[in-house]
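Notes follow once the structure below has been shown.
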Amino acid sequence: MSFPKRKSKWISTRYLLLMGNIAIQFAEADAQTLSCSFYESSCPTVAAVVENVVRQAVQAEARMAASLLRLHFHDCFVHGCDGSVLLDATSTVTGEKTASANNNSLRGFDVVDNIKTAVEAVCPGTVSCADILALAANAAVTLAGGPSWTVLLGRRDATSPATVSEVNSAIPSPNSNMTFIISQFAAVGLNVQDTVVLSGAHTIGQARCISFSSRLYNFSGTGSPDPSINPVYLRTLQSACPQGGDINALRQLDITTPTAFDNAYYTNLQDNEGLLLSDQELTSDSNTAPLAAAYAGNQRAFFHAFGRSMVKVGNISPLTGTQGEIRLNCRVVNPS
Ligand code: HEM
Ligand SMILES: *[C@@H]1O[C@H](CO)[C@@H](O)[C@H](O)[C@H]1NC(C)=O
Ligand SMILES: *[C@@H]1O[C@H](CO)[C@@H](O)[C@H](O)[C@H]1NC(C)=O
Ligand SMILES: *[C@@H]1O[C@H](CO)[C@@H](O)[C@H](O)[C@H]1NC(C)=O
C-alpha cells in the first residue's frame with residue numbers, strides 16, 4: 001500500500017486527518033498487511049500470555065530462549081511465516097521436522113504447545129500458531145537481555161507443510177560460503193545487512209558437533225583444521241568433538257556469554273572464535289566484514305538493527321485474511 005507523498009505544505013490538518021482515516025480503512029481491507037493491533041479487541045492479553053509461558057520456560061532452561069527464536073526463523077524462511085514448521089509428520093505427509101536442518105536440532109515444540117494451551121484458554125480459536133512463534137521470539141530475545149521490537153500480527157496457519165527438499169534449499173547450511181548464504185536471504189527479501197544482523201542470533205544457543213566438525217580436522221579436504229579458527233579455541237573444540245565421537249554433543253554458539261543476548265557474538269568473531277563456518281565467514285567476506293566489525297563495537301546499533309530485521313523476517317509471505325486457518329493444535333491441521 002502506498003500513498004502519494006505530501007506535495008505541498010499547504011495541505012490542511014483536516015485533509016491529513018481524512019487521509020489518516022482512509023489509510024486505516026485500507027489497512028483493514030488489505031489482507032496482506034500485518035498489524036501490531038491485530039488482536040487488540042479479539043485477544044488483548046495475547047502478548048502477555050505468551051511472554052508468561054516463555055518466561056517460565058526460559059527460567060527452567062536458559063537455552064529455550066534460543067530454541068524459540070530459531071523456530072520463528074525456520075518457520076518464516078520456508079513458505080513464509082505460516083506455522084508449518086510445527087506440523088508433525090502424518091501417515092501421508094513427512095512434514096518439515098525431519099529435514100536435515102531440523103532433525104535432532106529444532107526444539108521447543110513442547111513449549112509452543114504450552115503457549116498455545118494458555119492462549120486458547122483466554123481466546124479460543126483466535127490466535128494463529130505462526131503469530132505465537134513471532135511473539136515467542138520477541139519475548140525470548142527480550143528475556144535473554146536483547147532488544148524488543150514491535151511484533152506485527154495477523155498471520156494465519158498453513159494447512160500443509162513444505163517438503164523436506166524445500167526446507168533443505170531454503171534454510172542456510174553452516175558450511176555454505178557467504179555468497180550462497182546471502183543469496184538464500186535475498187530469496188526471502190532480506191539484504192546483506194539483514195544477513196549480518198540476524199546471524200547475531202547466534203549470541204545465544206548451542207550447536208551440535210556435526211554442525212562444525214568439518215572445520216576441526218580435515219577442512220575442505222586439506223588434511224588440516226580450518227586455519228581461520230583461533231588455535232586455543234580450536235583445541236577446546238577438538239576435545240569437545242573428538243573424531244569418531246558423539247556428533248550430537250553440544251557447544252555454545254557464543255563462547256563468552258552463552259545465554260546473554262548481547263554483541264559478544266561479533267567480538268568473538270574478531271577473535272576468530274566463531275563456532276560455525278558461516279559465523280566466522282562474516283569476517284572474511286568483504287561484503288559482510290565491515291558490518292560485523294561495526295556491531296562488535298556497537299551493541300546499541302546491533303540491537304536496533306536486530307529488531308528491524310526481525311520485523312522483516314516476520315513479514316515473509318504470511319497467510320492473511322481468509323487464507324489458511326487458525327490451527328487449534330499447532331502440531332496438526334484442523335479436522336475438516
Ligand atoms: C546465516 C545463516 C545461518 C546458518 C547457516 C545457521 C545455522 C545454524 C546451525 C547449524 C545451528 C546449530 C544447529 C545444530 O547443530 O543442531 C544454529 C543454531 C541456532 N540458530 Fe542459526 N543459522 C543461521 C541464521 C540464523 C538466524 C537468522 C537465526 C534467528 C534469527 C538463527 C538462530 C539460531 C539460534 C538461536 C540457534 C541456537 C538454537 C538452540 O540452541 O536451540 N540462526 N544455526
Ligand atoms: C531423524 O533422526 C532420527 C533420530 O536420530 C533418525 O532415526 C531418523 O532417521 C532421522 N530422519 C531423517 C529423515 O534423517
Ligand atoms: C559458493 O557455494 C555455491 C553453492 O554451493 C557454489 O556454487 C559456489 O561456487 C561457491 N562459491 C565460492 C566462491 O566458493
Ligand atoms: C581429507 O579429506 C580428503 C578429501 O575428502 C581425503 O582425500 C583425505 O584423505 C583426508 N585426509 C585426512 C588426513 O583424513
Side-chain angles (χ1 to χ4, degrees), residues 57-58 61-77 81 89 94-109 111 133-134 136-138 140-141 144 146-147 149 163-165 167-188 190 192-215 220 241 246-254 258-259 261 265 274-282 284-288 292 305-314 316:
V58 171
E61 186 207 15
R63 185 188 175 194
M64 191 50 67
S67 306
L68 292 171
L69 171 58
R70 188 168 183 234
L71 274 182
H72 182 44
F73 158 52
H74 280 219
D75 183 30
C76 293
F77 263 53
C81 314
T94 309
E96 303 177 20
K97 291 180 177 178
T98 53
S100 57
N102 295 341
N103 200 27
N104 303 315
S105 183
L106 276 191
R107 56 201 295 283
F109 297 108
V111 175
L133 290 182
N138 180 53
V141 168
W149 57 91
T163 65
V164 164
S165 70
V167 176
N168 289 341
S169 58
I171 300 292
S173 150
N175 296 315
S176 291
N177 60 56
M178 196 44 66
T179 307
F180 189 70
I181 290 174
I182 287 170
S183 76
Q184 289 177 300
F185 277 70
V188 290
L190 299 174
V192 172
Q193 186 192 359
D194 297 316
T195 308
V196 179
V197 169
L198 292 166
S199 296
H202 292 173
T203 181
I204 52 175
Q206 304 179 9
R208 297 164 299 155
C209 290
I210 193 178
S211 297
F212 53 89
S213 56
S214 68
R215 307 179 71 201
S220 303
C241 304
D246 178 6
I247 59 169
N248 291 316
L250 294 164
R251 296 304 291 174
Q252 313 284 9
L253 282 156
D254 170 355
T259 59
F261 197 103
Y265 170 80
L275 183 60
L276 309 177
L277 178 64
S278 55
D279 295 325
Q280 197 58 61
E281 279 177 322
L282 290 173
S284 54
D285 186 294
S286 60
N287 295 299
T288 54
F306 191 81
R308 283 179 35 160
S309 291
M310 284 304 294
V311 172
K312 288 175 77 172
V313 168
I316 299 172

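Counting starts at 1 for both ligands and their atoms, in listed order. Side chains included, hydrogens not; waters and symmetry mates left out as well; all remaining heavy atoms used. Being a predicted model, the structure only gives us computed values, none of them experimental.
- Listed by chain and number, the protein atoms of type N/O/S under 2.8 Å from atom 21 (Fe) of ligand 1 are H202 NE2; waters are omitted.
- Ligand 1 lies less than 4.0 angstrom from a heavy atom belonging to F185.
- Close N/O approach between R208 and ligand 1 is found [any backbone or side-chain N/O within under 3.5 Å].
- R215 approaches L275 most closely through the heavy-atom pair NH1-O, 2.8 Å.
- At the top of the distance list for atom 15 (O) of ligand 1, counting protein heavy atoms only, stands S211 OG, 2.6 Å.
- The two residues E96 and N102 make their nearest non-hydrogen contact at O-ND2, 2.8 Å.
- Residue I182 holds its CD1 atom at 5.0 Å from CG of N287, rounded to the nearest 0.5 Å.
- Counting heavy atoms only, A66 comes closest to atom 35 (C) of ligand 1 of the residues C76, A66, G200, A62.
- Of all non-hydrogen atoms in N138 and P147, the two that sit nearest each other are OD1-O, 4.2 Å.
- Neither the backbone nor the side chain of H72 has any atom closer than 4.0 Å to an atom of ligand 1 (non-hydrogen atoms only).
- Protein residues with a heavy atom closer than 4.0 Å to ligand 2 are T98, N103, N104, listed by chain and number.
- In S176, neither the side chain nor the backbone holds a heavy atom less than 4.0 Å from any atom of ligand 1.
- If you check which protein heavy atom lies closest to atom 41 (O) of ligand 1, you get S67 OG, 2.7 Å.
- Every N/O-N/O distance between S278 and ligand 1 stays at or above 3.5 Å.
- If you check which protein heavy atom lies closest to atom 13 (C) of ligand 1, you get S105 OG, 3.3 Å.
- A distance-only check finds a donor-acceptor pair linking the side chain of T288 to the backbone of L282 [under 3.5 Å].
- The nearest pair of heavy atoms linking G200 to Y265 is CA-CD2, 3.6 Å.
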